[in-house]
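Computed from a prediction, not measured in an experiment: that's the story for all the values here. Every number for a ligand or one of its atoms is a count from 1 in the order of the listing.
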Amino acid sequence: MSLPRPIVFGNWKMHGLRRDALALAGSLAERYVRPSGSLGIFPPFTVLAEVARRVAGTRMIVGGQDCHDRPEGPFTGCVSAPMLADAGARAVILGHSERRHGLGERDEWICRKVQAAWGSGLLVVLCIGETEAEWLAGRRFEVLDRQLAGSLPEEVPAGRLVIAYEPVWAIGTGRTPTLEDIRDTHAWLRQRLRARRPAVGDLPLLYGGSVKPENAGDIMAQPDVDGVLVGGASLDPEQFWRIYLAGGGS
Ligand code: 13P
């Protein structure tokens with residue numbers, strides 16, 4: 001999938017009853033005409049199909065927030081990659097810290113989910129990031145390296161992967177790393193991917209964690225930051241759109 005910059009993706013998390021979700025999606029669809037960048041929204045499963053229908057005809061990407069690694073079976077409460085695709089999703093977020101830390105998801109399982117998502121033709125937004133304790137202990141690169149190695153399959157198809165660096169301590173806290181730290185981490189990620197995965201080393205890298213209209217322009221101006229993954233501010237169409245504009249989108 002070709003993803004013109006800036007790439008601005010909104011992770012709605014567990015927010016969005018039908019009426020609000022459709023209003024939000026509709027408000028974005030009305031602005032997103034003849035777009036220069038890539039806008040994507042990741043609503044809850046319950047509204048995904050309706051949201052996908054609401055934005056059909058625009059280039060907006062609609063995705064799920066997780067999927068199981070199996071196509072179907074006795075897995076109460078889970079949703080598979082073919083089900084997401086069937087509902088109109090073109091992408092899926094995997095490995096989000098709220099699932100890694102909140103629900104105990106491990107790299108091996110995430111790796112199998114990534115493979116399953118690709119099997120259904122979905123774009124994977126793979127999230128990685130260190131906790132505050134790991135950050136303070138200076139273990140950021142070690143953790144990112146482990147998560148990259150553990151949650152990425154050997155063969156990565158071209159155009160099917162985006163990596164989102166989301167420091168756990170920056171999510172929903174209003175705190176962000178300094179621009180210099182974001183620059184350093186993304187440069188390190190780029191170099192690491194080029195060395196380890198030369199075929200896809202130039203894949204898009206997003207930053208996530210307390211992105212707001214006020215800081216989005218500076219963050220997206222950093223080298224090797226191709227866009228942002230937005231949580232809270234993606235629930236307000238005005239703020240989300242201002243973030244997209246701040247990254248140079250139109
Ligand atoms: P916030 O933008 O609310 O900090 O959330 C970031 C995030 O977790 C996106 O996946």
- Please work out which of the three classes, parallel, tilted or perpendicular, describes the rings of Y32 and Y244, given edges at 30° and 60°.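 The arrangement is perpendicular - the two ring planes meet at more than 60°.
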- Query: Parallel under 30°, tilted from 30 to 60°, perpendicular over 60°: which one fits the rings of W109 and H68?
  - Reply: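 Rings of W109 and H68: perpendicular, as their planes differ by over 60°.
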- Taking all atoms of both residues into account, what is the closest heavy-atom pair of V211 and A233, and its distance? O-CB, 3.6 Å
- Can you name the closest pair of heavy atoms from P82 and S120 and give their distance? N-OG, 3.3 Å
One pair per line, please: each N/O atom of ligand 1 matched with every protein N/O atom under 3.5 Å away, atom names first, then the distance to 0.1 Å.
unit_1, atom_1, unit_2, atom_2, d
ligand 1, 2 (O), G231, N, 2.8
ligand 1, 3 (O), G232, N, 2.9
ligand 1, 4 (O), G172, N, 2.6
ligand 1, 4 (O), S210, N, 2.8
ligand 1, 5 (O), K13, NZ, 3.2
ligand 1, 8 (O), K13, NZ, 2.8
ligand 1, 8 (O), H96, NE2, 2.8
ligand 1, 10 (O), N11, ND2, 3.1
ligand 1, 10 (O), H96, NE2, 2.9
ligand 1, 10 (O), E166, OE1, 3.1
ligand 1, 10 (O), E166, OE2, 3.0

- Sole candidate of R190, R5, R194 that passes salt bridge (charged side-chain N to carboxylate O under 4.0 Å, His left out) when paired with D224: R190
- Query: Testing V124, L203, L3 for side chain to side chain contact (heavy atoms under 4.5 Å, CB included) with V162, which one passes?
  - Reply: L3
